[in-house]
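Have a look at the structure below before the remarks.
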Amino acid sequence: MVVTRFAPSPTGYLHVGGARTALFNWLYARRMGGTFILRIEDTDLKRNTPTAMQQVIQDLRWLGIDWDEGPEVGGPNGPYLQSRRRDIYDQYITKLLDQGKAYYCFDTPEELEALRREASEGKQGFVYQRPDQFPDTRDVERARSEGRPVTVRFAVPQDQPIIVQDVIRGDVTFGPGEVQDFIIQKSDGFPTYHFAVVVDDELMGATHVIRGQEHLMNTPSHQALQAALGFRTPVYAHMSVTVSESGGKLSKRERPKALRERIKSMNDPDLESLALAGGISTEEMESFLNKKTTPDMPAIDAMAAHLGVHLPEINVVDFFRSGYLPETMVNFLALLGWNPGDDREVMDREELIAAFNLDRLSKSNSLFDRKKLMSFNTEHIKRVSPAALLGHYKAFLAEIGSPAARAEDERLTRILKVCLGARTLEEIEQKTRFLFVDNTKVDYDETAVEKVLFKHNGLGVLAEVGDQFKALAEITAESIEQVLRGLADQKQIGLGKVAQPLRVAICGTTISPPIFDSVDMLGMDNTLARIRIAIEKFDNKN
RNA sequence: GCCCCCAUCGUCUAGCGGCCUAGGACGCCGGGUUCUCAUCCCGGUAACAGGGGUUCGAGUCCCCUUGGGGGUACCA
């Protein structure tokens, strides 16, 4: 029986790197008919944010990654929040202490820092000196009374090499002395990650640990701990890392960075109103631009929205808000460091599960290519069922607060149908926003008006279109098409010369779904009203 | 500094000693379809990081160099 787990620390939204790790573990469990566990690693009080767990859970749900054990669903090996498992960790810490396999330390962070600095100045690696005699309980009491911090360190056996058998990388050997003693219990009484992960993976029965390459160096420590506690060693798979276009690990810092660069590239940014939009002070803005501090994500998002700039998506929720489908994300993320071994690329969850295995994971890092992601999204928009697409679209509209969110399903279905070929849901929303604004509130694009209405007798043609529409008995996309094509033929001009003025009149821009559908969806009354308004508004200016 | 991992088109990758004059996809460039945008169709461009071995034969195995990434926390 295969048991895998995803163990995020709740520090904020789930980012794509974490989503990929979750996905690989989930795919493997599903492929093998095993169990997938969600465990929250909240052992660092300083880093945890209260809502982060909910955000991570939401993001996983959106992706369609479900868990058999974990928060909200329970399970036989709970609790699934490490902060609620303190007594369990304490038992094992005591055991190691009693067996002389771990020892108390009283160093202050400052002392350790000084030792490290000294080592690096001498171009030496820092090695913690294990005392010849381990402190006893009296020493602990004395240290406590002196106000010194008390931590517990694991004494890593130094006589044997430790071999990590990684399914992706093969055997990786760490010589004796290369793995040094490390803290397993912090001075606040919480276990460190290294300890909690080992205990929980044992107790929860994890058979396979699929995680990022950044954990490879931690693995010998974990194995030493497993040996000392008499635990199994799970199968390890250290995946390649996903890097961003700007080089380096795909990081949450990219969004603030992109925004900062954008602001700095503006010749006269209105910093005051921008700070206001972000809900931060002008001092904070100053500090942000000088790379001293970074406002929180909502502030960054708000400022980006205020400027109308598109920040690179990093968190799963960013992709949702940009109009990507969960199917796209799952497919694309799965192909970052894995492939099915044939030429298939566009796949749904079931196909991925059926094809997934651990032997086809690649060793080298991969770059997150947004262009390819977009092409995958185009494919999935065409591939998912109309009902599923409608569901995704409604969720998207609600998330971004679009006025279209209130539209009936039938109307939205029509919109999706005529927008097939769109690359993102955002594109569809923007392209059909004109359907949801008041006739008098159409936002006319200056260059579009200039280019289409003022040239080639655009307004004149528009007036004729209006006249013919008024005379139209039956109103369907087909009859509208007949009118427009007939008019173009009659005037010996291209259809574009007829369609574009009409498009600008009803949409305000030169971009919309096919004009016949656009008119039909808007309704003839509204169309005639907008034609009249456009002519009144622009005729005298020509 | 030390330790570890990695290395095929711009990008994701196929390739597990001869099937490779290196395949696919995205991008890009050119052409076509079209009422706009997008889609769609056709064509093209483009890679085995460098140097040594091993072998009858190396993209595929070994070593070195270079480059990239990661680790070196009372973060996970």
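Because the structure is predicted, anything quoted here is derived from the model rather than measured. Chain letters run A, B, ... following the sequence lines, proteins first, then strands; residues in each count from 1.
- When rounded to the nearest whole Å, the span between NE2 of His238(A) and C1' of rC5(B) equals 11 Å.
- For rC35(B), the base has a donor-acceptor partner in the side chain of Arg503(A) [N/O atoms by modelled type, under 3.5 angstrom].
- No side-chain N or O of His456(A) forms a donor-acceptor pair with one of Gln500(A) less than 3.5 Å apart.
- Phe24(A) is listed as a side-chain neighbour of Phe356(A), based on a closest heavy-atom distance under 4.5 Å.
- Taking the six-membered ring where the residue is Trp, the centroids of Tyr193(A) and His215(A) are separated by under 6.0 Å.
- In terms of position on RNA chain B, the residue among Ala422(A) and Ser375(A) whose nearest nucleotide sits closer to the 5' end is Ser375(A).
- In terms of phosphate contacts, Arg47(A) brings no side-chain nitrogen or oxygen within less than 4.0 Å of OP1 or OP2 of rC74(B).
- The distance between atom CG of Leu495(A) and atom P of rC37(B), rounded to the nearest whole Å, is 13 Å.
- Mapping Leu420(A) and Gly337(A) onto RNA chain B via the closest heavy atom, the residue that lands nearer the 5' end is Gly337(A).
- Distances shorter than 4.0 Å separate some side-chain N or O of Lys186(A) from OP1 or OP2 on rC75(B).
- At the phosphate of rG24(B), neither OP1 nor OP2 sits under 4.0 Å from any side-chain N or O atom of Lys372(A).
- Remark: rC61(B) base-pairs with rG53(B); criterion is Watson-Crick or G-U wobble with both hydrogen-bond distances under 3.5 Å.
- Taking atom C1' in both rU36(B) and rC19(B), one finds a spacing of 49 Å when rounded to whole Å.
- For Asn365(A) against rA7(B), a side-chain-to-base donor-acceptor contact under 3.5 Å is absent.
- In this model, the phosphate group of rU13(B) is approached by a side-chain N or O of Ser362(A) to a distance below 4.0 Å at OP1 or OP2.
- The side chain of Lys382(A) contributes no N or O atom lying less than 4.0 Å from OP1 or OP2 of rA38(B).
- Residues Tyr80(A) and Phe6(A) place their aromatic rings such that the two centres sit no closer than 6.0 Å.
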